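Worth saying up front: this structure is predicted, and the values here are computed from it rather than measured. Just so it is clear: chains get the letters A, B, ... in the order the sequence lines come, proteins before strands, and each one is counted from 1.
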Amino acid sequence: MTGGEYTGLGDWTPEALGEPGQVRPVVTAPSQVLGQAGAEVDPTDREVVRLAADLIATMRVSPGCVGLAAPQVGVGAQVFAVDVTGHPKAVTVHGTFVLCNATIVEASRTRPGREGCMSVPDLTGDVKRASRLVVAGFLPGTGAPVRLVTDGFEARALQHEIDHCSGLLFLDRVAGAHAVYQRKVYQ
Amino acid sequence: MNELAITVIGQDRPGIVADVAEVLARVGANLTDSTMTRLRGHFAMTLVCTGPTAAEAEAALAPLAEDGPLLTTVRVVGGESASTATGEPYLMAVHGADRLGIVAAVTRVLAEAGGNVTDLTTRLTGPLYVLVAEVDLPPGTADDLSRRLTEVATGLGVVVTLRRADSDLL
């Protein structure tokens, strides 16, 4: 694992990956890969950098999508992209970023919320998540260790993506037997 | 493909779901959608399944009803029903002192506005009556409907809230 002290994202942007990224098809449940824990990766590996760029590219072409994890594009790896910029529920916003081998360091103030997922297109569910969160992980490319302190919607998005990297869907965390709903389709 | 709607209700005890699911599996019934819950000590199951004929399902369930504890019904239903929700999802909550006609009054208001109830639960605990419903509303009707619901609720002496049940795509 890469050494060094954990810091914030600094001036990291997706351009630092040096890859435009290609849009990949999104895998949906019950695909096997969504139920398996992703492997730890070497964040400096060329393939991982390419994957990071592809996750961002795929996230950007998907309307309403604020996060995408490697298993969702069929890759069993602990890599995910998040960007909650402009979301009405977001308070703290770190812009677009990708983390490798991310782990939750601190979580508190659990709040309920209804989540949908591109990999479970027909259902939504009520899920309790921490609204205060500290996450540690590594940036693709440099492998720099980062520690993010966030809250609210960005915290929810991070927990959802870290779950994907562990082979868990929101369906594994719904608040009760009547907490899964048919997704409403409306204009 | 046969599609059946089955209901089972009886005094709650451990093993009802296992018993019912087992006899249905034995006749090749594939449970698709179902909802099961305990209401005042009675276990109630409503399920839709595909596979057997109604007669086969009835015959399979019959032994469970023989001792008298479970009441079952089986009926053939049409194929894939249109679940094309085009409305906006809302959550309606009502609470207050129990009295006759709360469900009738608030759901009538919803129906008159073109709202469709997709899920509804009520609970009575002591004097407190609670109703929670998921409803699809025609776009743009929520504000007027909320005012109308408040009027009706005030008349009933209960409190009603209507809020958007949007889910976030993660």
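Panel note: side chain R111(A), backbone R156(A); no donor-acceptor pair is recorded below 3.5 Å. Panel note: side chain Y181(A), backbone H178(A); a donor-acceptor pair is recorded below 3.5 Å.
To the nearest 0.5 Å, the span separating CZ on R173(A) from CG on L168(A) amounts to 5.5 Å. Put simply, OG1 on T103(A) and CD1 on I162(A) are 7.0 Å apart, with the number rounded to the nearest 0.5 Å. One finds the SG atom of C100(A) at 10.5 Å from the CD atom of E40(A) (value rounded to the nearest 0.5 Å). To the nearest 0.5 angstrom, M92(B) atom CE is 10.5 Å from S146(B) atom OG. Remark: T13(A) OG1 to D11(A) CG distance equals 7.5 Å, nearest 0.5 Å. Residue S119(A) holds its OG atom at 7.0 Å from CG of L68(A), rounded to the nearest 0.5 Å.
The heavy-atom pair separating A102(A) from V135(A) by the smallest distance is CB-CG1, 4.1 Å. The minimum heavy-atom distance linking G126(B) with L124(B) is given by the pair O-CD1, 3.4 Å. What you find for E88(B) and G140(B) is that their closest heavy atoms are OE1-N, 3.9 Å. Counting all heavy atoms, side chain and backbone alike, G87(B) lies closest to D136(B) at CA-CB, 4.4 Å. A pairwise comparison of heavy atoms in W12(A) and I56(A) identifies CH2-CD1, 4.4 Å as the closest pair.
The interface of residues 17-36 of chain B with chain A, defined by heavy-atom distances below 4.5 Å, comprises T35(B), M36(B). The stretch residues 16-31 of chain A places none of its residues near chain B, where near means some heavy atom under 4.5 Å from a heavy atom of that chain. Scanning residues 93-116 of chain B against chain A with a 4.5 Å non-hydrogen threshold yields no residues. Of all residues in residues 42-61 of chain B, none places a non-hydrogen atom less than 4.5 angstrom from a non-hydrogen atom of chain A.
With a 4.5 Å cut-off on non-hydrogen atoms, T121(B) does not touch chain A at all. For H87(A), the part sitting under 4.5 Å from any heavy atom of chain B is the side chain, from C-beta outward, and nothing else. For a residue to count as touching a neighbouring chain, one of its non-hydrogen atoms must lie under 4.5 Å from one of that chain's; by this rule F170(A) does not touch chain B.
Note on E154(A) versus R132(A): no salt bridge recorded, every NZ/NE/NH1/NH2 to OD/OE distance being 4.0 Å or above.
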Next on the checklist: One pair to check against salt bridge (Lys or Arg N to Asp or Glu O under 4.0 Å): D168(B) and K89(A). What are the steps and the verdict?
Outcome noted: CA-CA 9 Å; D168(B) 293 311; K89(A) 288 187 190 164; 2.8 Å; yes
Next on the checklist: Let's go through D151(A) and T92(A) carefully: what are the C-alpha distance in whole Å and the side-chain angles of both, what is the deciding distance for side chain to side chain donor-acceptor pair (under 3.5 Å) to 0.1 Å, and is it a yes or a no?
Outcome noted: CA-CA 6 Å; D151(A) 53 30; T92(A) 302; 2.8 Å; yes
Checklist entry - Checking salt bridge (Lys or Arg N to Asp or Glu O under 4.0 Å) for the pair D122(A)/R183(A): CA distance, chi angles, key distance, verdict? => result CA-CA 5 Å; D122(A) 298 329; R183(A) 184 152 159 204; over 6 Å; no
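For the options H164(A), E161(A), E115(A), heavy-atom pairs under 4.5 Å to chain B are most numerous at E115(A).
Hydrophobic clustering (ILVMFWY, side-chain heavy atoms < 4.5 Å, transitive): V66(A) and V127(A) are in distinct clusters.
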